[in-house]
Amino acid sequence: MARPAPLSGFPEWLPGQRMVEQQVIDSLRGTFESWGFAPIETRAAEPLGELLRKGEIDKEVYVLRRLHAEESEAAGTDATEAARQLGLHFDLTVPFARYVLENAGKLQFPFRRYQVQKVWRGERPQEGRYREFCQADIDIVGAGELPFHHDVEIAQVMTEALAALPVPPLTLQLNNRRLIEGFYLGLGAEDVPAVMRAVDKLDKIGPDGVRDLLLAAGLKDGAATACLELAGIVTADSSFADRVAALGVEHELLNQGIAELVAVVDGAADLAGDRVRITADLRIARGLDYYTGTVYETRMESLEHLGSVCSGGRYESLASDGAHSYPGVGISFGVTRTLGPLFARGRLSASRDVPTCVVVALPEEAMRPACARVAAALRRRGIAAEVAPSAARFGKQIRYADRRGIPFVWFPGEGLSGSVKDIRSGEQVEADAADWAPPEQDLRPRIVVTDSDGD
RNA sequence: GUGGGUGUAGCUCAGCUGGUAGAGCAUCUGGUUGUGGUCCAGAGGGUCGCGGGUUCGAGUCCCGUCACUCACCCCA
């Protein structure tokens, strides 16, 4: 094929979409920094052994190889070589853990950072699932210990950050692993992970399917019923605590988990609103990995099928160098997962395809320097301007701007004077490039949100 | 990795039981030698994903392959 085909799972946006994405990232960054999170960027590649620690060999990691690598180097003939091989990072948490260990002596704890970067996963792409995508992470990590109130803070920061984004309303779903583990232990469950795995499938296979799995995991019928009742508890405030108590299960972990979840829900509720709602949702378990306490997930209204667009939680040992362990709590927003489907459905776009606010028309090629001075005068005052590409008929020059959604065309007169036309209304006024300014809302491309699917 | 679906113009698609490739939109040009969008006229653009097979003849039927896509798995 003469024309290259797109690579599945490696999305590339058009300029207008990229401008939207950049504004979203800028917005996140603004919120994160206002809460004191420091920016870092970690390298794209990590030793394979680092990426796959804890025997997580099922992760679909992209392996990196030099074209001229030696045979032994390429094949990874022994364990040492394999560990030395490089892979593209699968998330931002593992590289961050490595970074914390590496720089522990130079960082001050508790250390709070944000990180917005691409990550790579070799899984089969689907809507909202990519092989190369952007994540925005915040984490707070302590040396030795990390007070619980940071769990509350993480929920608050992300609630505020998400509320500022031009996306459909979101629901932050909160739960606590101690709560559900304590509950299962109180019920006498022996294989707690199996129970969690079963309950986690509630959305997919329904209550009856989950019951079968629970019975298979060794639970008695009454205990299975109790698990399903627990998983059915969803409240917008801390009233979930009474409903859990009403189930009559006793365990110390359970009580601790309830107390923690109450604190997170109450704390986040202060910052919630129409754009981001808060729920205590006791079916949320978050896979089986390193989470130990608070867990977060987020669903987007009308796009619930995408799954969670922002999730994370508490992990007792983010990193450990043997002598010290570093507990942390963090959450990750899926920038590409959220924006991609909205772009595809035409629900999110930019008011124009380029940053340009004004095209300076070019009456004849010899006037290019004069026109360039007009553009420079506008630019000096923060108004993005470009000179028309050729001295075509003015009709064509106007069309050049129109095609790109550029709102203004400047027809030069003497020096910096001229007349400027709003090509949407057709209104044209005399102006001077030394002091004319567009309306505030036209200065930069705006994000346009469409409520329903458009075309 | 497993299973289904789909590959024809830049985009959306038509193309009958095999008979020499079409439409709409978009693009470009002109009507309109300095103020666009409407309208009219015209033009460019396709190894029908790729390879093989059946046939006098394949976009069409068969096999393979690749890509895209949906679901499972997993997850942002």
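Here is the naming used below: chain letters follow the sequence lines, and residue numbers restart at 1 for every chain. A quick note: this is a predicted structure, and the numbers were derived from the prediction, not measured.
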Participant: Return the value, rounded to whole Å, for the distance between atom CZ of A:Arg121 and atom C1' of B:rG1.
Facilitator: 18 Å
Participant: Please check the phosphate of B:rA76 (OP1 and OP2 only) for any side-chain N or O of A:Ser308 closer than 4.0 Å.
Facilitator: no
Participant: Using a strict 4.0 Å threshold on nitrogen-to-oxygen distance, state whether A:Glu123 and A:Arg131 make a salt bridge.
Facilitator: no
Participant: Please give the distance between the P atoms of B:rU2 and B:rG44 as a whole number of Å.
Facilitator: 47 Å
Participant: Could you tell me how far B:rG64 sits from B:rG46 if I compare only their C1' atoms? Round to whole Å.
Facilitator: 24 Å
Participant: What is the distance from NE2 of A:His305 to C1' of B:rC75, rounded to the nearest Å?
Facilitator: 14 Å
Participant: Would you call A:Arg112-A:Glu153 a salt bridge at under 4.0 Å N-O?
Facilitator: yes
Participant: If you draw the axis of the six-membered ring of A:Tyr99, does the NZ or CZ of A:Arg113 fall within 45° of it and under 6.0 Å from the ring centre?
Facilitator: no
Participant: Tell me which residues in residues 326-338 of chain A put a heavy atom below 4.0 Å from RNA chain B, sorted by number, or none.
Facilitator: A:Gly334, A:Arg337
Participant: Can you check salt bridge (charged side-chain N to carboxylate O under 4.0 Å, His left out) on A:Glu365 and A:Arg368, steps first, answer last?
Facilitator: CA-CA 6 Å; A:Glu365 194 52 43; A:Arg368 189 171 289 280; 2.6 Å; yes
Participant: Rounded to the nearest angstrom, tell me the gap between atom CD in A:Glu123 and atom C1' in B:rA71.
Facilitator: 15 Å
Participant: Taking the same atom, C1', in B:rG24 and in B:rC63, what whole-Å distance lies between them?
Facilitator: 36 Å
Participant: Under a 4.0 Å threshold between the charged nitrogen and the carboxylate oxygen, would A:Asp353 count as salt-bridged to A:Arg404?
Facilitator: no
Participant: Considering only atom P, compute the distance from B:rG49 to B:rU32 and round it to an integer number of Å.
Facilitator: 44 Å
Participant: Contact class for A:Cys310 (heavy atom, under 4.0 Å): base, sugar-phosphate, or nothing?
Facilitator: sugar-phosphate
Participant: Please give, in whole Å, the distance from B:rC74 P to A:Phe133 CZ?
Facilitator: 16 Å
Participant: Looking only at side-chain N and O atoms, does A:Lys201 come under 4.0 Å of OP1 or OP2 in B:rC74?
Facilitator: yes
Participant: For A:Cys371 versus A:Pro363, what's the shortest heavy-atom pair and its separation?
Facilitator: SG-CD, 3.9 Å
Participant: Between A:Arg345 and A:Glu127, does any side-chain N to carboxylate O distance fall below 4.0 Å?
Facilitator: yes
Participant: Nearest heavy atom decides the nucleotide; on that basis, is A:Arg124 or A:Thr298 closer to the 5' end of RNA chain B?
Facilitator: A:Arg124
Participant: Determine, for A:Arg98 against A:Glu46, whether the closest basic-nitrogen to carboxylate-oxygen distance falls under 4.0 angstrom.
Facilitator: yes
Participant: Give me the atom names and distance for the closest heavy-atom approach of A:Ala268 to A:Ala155.
Facilitator: CB-CB, 4.0 Å
Participant: Write down the distance separating the C1' atoms in B:rA14 and B:rG22, rounded off to the nearest Å.
Facilitator: 7 Å
Participant: Using whole Å, what does the distance between atom P of nucleotide B:rC75 and atom CD1 of A:Ile284 come to?
Facilitator: 13 Å
Participant: Output yes when A:Asp442 and A:Arg424 qualify as a salt bridge under the 4.0 Å nitrogen-oxygen rule, no when they do not.
Facilitator: yes
Participant: Any donor-acceptor pair under 3.5 Å linking the side-chain atoms of A:Thr42 with those of A:Gln115?
Facilitator: yes
Participant: Let's see if you can work this out: which of B:rA76, B:rA71, B:rU27 has an atom nearest to the side-chain heavy atoms of A:Arg403?
Facilitator: B:rU27
Participant: Tell me the interatomic distance from A:Gln126, atom CD, to B:rG5, atom P, rounded to whole angstroms.
Facilitator: 17 Å
Participant: Please state how far atom CD1 in A:Ile25 lies from atom C1' in B:rA76, giving the value in whole angstrom units.
Facilitator: 13 Å
Participant: Please measure how far the P atom in B:rG37 lies from the corresponding atom in B:rU27, and state the result in whole Å.
Facilitator: 12 Å
Participant: If you measure from the C1' atom in B:rA9 to the same atom in B:rC16, how many Å do you get, rounded?
Facilitator: 23 Å
Participant: What string of B, S and - do you get for nucleotides 33-38 of chain B, 5' to 3', when a contact is any protein heavy atom under 4.0 Å?
Facilitator: SBBBB-
Participant: Minimum heavy-atom separation for A:Val152 and A:Gly267, please, with both atom names.
Facilitator: CG1-CA, 3.8 Å
Participant: Using Watson-Crick and G-U wobble pairs with both distances under 3.5 Å, what is the 5'-to-3' dot-bracket string of RNA chain B, with [ ] for crossing pairs and | for pairs outside the strand?
Facilitator: (((((((..((((.....[..)))).(((((.......))))).....(((((..]....))))))))))))....
Participant: Tell me: CD of A:Gln117 to P of B:rA76, nearest whole Å?
Facilitator: 17 Å
Participant: Taking the P atom in each of B:rG3 and B:rU65, what is the distance between them to the nearest angstrom?
Facilitator: 12 Å
Participant: Any Lys/Arg nitrogen of A:Glu301 or A:Arg299 sitting under 4.0 Å from an Asp/Glu carboxylate oxygen of the other?
Facilitator: no
